[in-house]
Amino acid sequence: MCGIVAYLGDRQAYPILIKGLHRLEYRGYDSSGIAIINGNLNLYKRKGKVSELEAFVEGKDVSGTIGIAHTRWATHGQPNDENAHPHFSQNKELSIIHNGIIENYNSLKEELMKRGHIFDSETDTEVLIHLIEDVQKNETLELSEAVRVALNQVVGAYAIVVISQNDNQRLIAAKKGSPLVIGIGENEFLIASDATPIIEYTRKVIYLEDEEMAILERGKEPEIKSISNIVRTPYIHELTMNLDSIEKGGYEHFMLKEIFEQPHSISESMRGRLRPGEGIISLGGITQYKNKIKNAKRIVMIACGTSWHAALVGEYLFEELTRIPVEVEYASEFRYRNPIITEDDVVIAISQSGETADTLAAIKLAKEKGALILGICNVVGSSIPRETHAGSYTHAGPEIGVASTKAFTSQVTLLTMMALMLAHEKGTISDSHHQQLITELSNIPTKIEAVLKTAPLVKEIAEKYKNSRNALYLGRGINFPVALEGALKLKEISYIHAEGYPAAEMKHGPIALIDEEMPVVVIAPKKGNYDKVVSNIQEVKARKGKIIAVVTEGDTEVRNMADHVIEIPDTEELLVPLIATIPLQLLSYYIAIMRGCNVDQPRNLAKSVTVE
Ligand code: G6P
């Protein structure tokens, strides 16, 4: 987590850096800071959001055409002014911003303290910039060389940018494990954790690889080399995202915009891939491995957070359609328990950001064991797609709200297409059922548009339950993960404790919690185990719980029992999660807003979790 941004060029750096920090604030918002060279190295930092930094620097000297800035998600040390980035070196001539964790910072710090270094903060980052200064002095090295030598002593993850008060001509950047993108404009360079602070100024970018560093000098071509000093020829990518996609576009919050974008984002996930007229699904990214995947003895899906919920939906889809056994693993658990993975396994890693540290580490582990690794990611050019053998982007567009919404439905869309394509190849689905599902999948965006029209009703329901202290979410079969996702959405943005359960499991414990205060959200489409879900609703009603039911249009049976119903259009059972998720997202959003919570930046969370 943490967002970094840097600028070197002809313009004033401050407005560009501040705007960049706002764009990256989703990555962490415990503190922020900025350092700009204007003769002196002027450094300002503040606990809290970027807006607090802006207020703090008012009236101060922020002029200069080279600078670095940082927004922090605390790892080492409290979120206070001292621990905020940028950090100074001992002589205060160098400054650094850093995203990642220096694991051996303690031993490095001890050594440096013995040599007289005094530290102002508790951070690992300050140790690194002191180390760079120490190396530079002791070995009388030029700065970029000192950075390179110092990085060879470091264990851990980093995306860093270093500047020196004595050199307003150069930015020095390096990366390992954490993301870093370099934008190349007309006589200017930008560096950032992702492309969103860059897109306004240039479409040309370089994605640094792990253990690479960049020396960016005014008026010169970027110089890229490995930290073992091997010169690399950079590949310049062309960004395709547009500016509108990273702005609120008239919505009050990114989360609401992203919820309402889902008809479009799902269509984008399917564009050029789902061809209902021809009865074809074509996923170019994995075609090469089609045979290997369809013959896999087992598929293991690894992910974290909301992406893990998408994987659980994927398990139902793949097992039902392809008859290949699927296991779903939390990446953080998988990587630390000597998992049994062989060359016959196919691993599917799912991640919105493509940067989640645990997912990345799990991929590397499974790769070492010989499995084929596929990725389903949203952020183009991020680390996971570059680490996997093949995969498909979700193409949902940038997701800025910390609570994932459109990325989830796009992940489920991708998993549905993958499962359908493989099932058809494998012959585990009839032509007619395949065609029926493809046609229905193509209708999902329109059906979601209809669900979004329930927003005013969902808002009324939210008003009634905004002061609840707990909530239960129930679903069966493929809608059980939808219940988990609904509960996660509520707890992460409204701070109401919520649990998702398979409906039938309620009687093995959670039922004890039910009283007249307890809202129970039930996903009860007229499909599959409908009758069983109806029985579960009766069990809740018998204990005076309040039922909010998501039902199929025209349902009367649940309507007669529930306190509130939200209707969704009828669809194929396997596609219900794509639709049923929407009202749950809206419910969390409205409840959180009514409780005065910051839905786009919920407390303690970050969108891109680049620490373990
Ligand atoms: C964080 C985010 C979640 C996300 C999870 C996994 O916790 O707040 O929204 O689901 O990370 O992230 P990924 O980028 O791998 O999907």
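These numbers were taken from a predicted model, which means no experiment stands behind them. Atoms within a ligand are numbered from 1 in the order they appear, just like the ligands themselves.
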**Request:** Just jot down the ligand 1 atoms closer than 4.0 angstrom to any heavy atom of S404, in number order.
**Result:** 9 (O)

**Pairs satisfying ring-ring contact (aromatic ring centres under 6.0 Å, His included), at least one member in residues 368-401, at least two apart** = Y393-H395

**Message:** Please report whether ligand 1 has a polar contact with E492, defined as an N or O pair separated by less than 3.5 Å (distance criterion only).
**Reply:** no

**Complete:** One finds that the ligand 1 atoms under 4.0 Å from a non-hydrogen atom of V402 are 8 (O), 9 (O)

**Asked** Do ligand 1 and Q352 have nitrogen or oxygen atoms that lie under 3.5 Å from each other?
**Response** yes

**Prompt:** Any N or O on G354 sitting closer than 3.5 Å to an N or O of ligand 1?
**Reply:** no

**Request:** Can you sort out which atoms of ligand 1 are near T306, meaning under 4.0 Å from one of its heavy atoms?
**Result:** 10 (O)

**Item:** For the student: nearest non-hydrogen atoms of M417 and L441, plus distance
**Value:** CG-CD2, 3.7 Å

**Message:** To the closest 0.5 Å, what do you measure between CZ (F260) and CG (L452)?
**Reply:** 5.0 Å

**Request:** Give the numbers and elements of all ligand 1 atoms closer than 4.0 Å to a heavy atom of S351.
**Result:** 13 (P), 14 (O), 15 (O), 16 (O)

**Request:** Kindly check if the number of other-residue, nucleotide or ligand heavy atoms within 6.0 Å of CZ (R337) is above 12?
**Result:** yes

**Message:** Please determine whether ring pair (Phe, Tyr, Trp, His ring centres under 6.0 Å) holds for the pair Y207 and H237, giving the CA-CA distance in whole Å, both sets of side-chain angles, and the decisive distance to 0.1 Å.
**Reply:** CA-CA 8 Å; Y207 295 100; H237 297 254; 4.9 Å; yes

**Item:** Any N or O of S353 closer than 3.5 Å to N or O of ligand 1
**Value:** yes

**Request:** Could you list the atoms of ligand 1 found under 4.0 angstrom from a heavy atom of S307?
**Result:** 10 (O), 13 (P), 16 (O)

**Message:** Checking R23 now: which residues fulfil side-chain hydrogen bond (donor to acceptor under 3.5 Å, both in side chains) with it, not counting sequence neighbours?
**Reply:** E200, E247

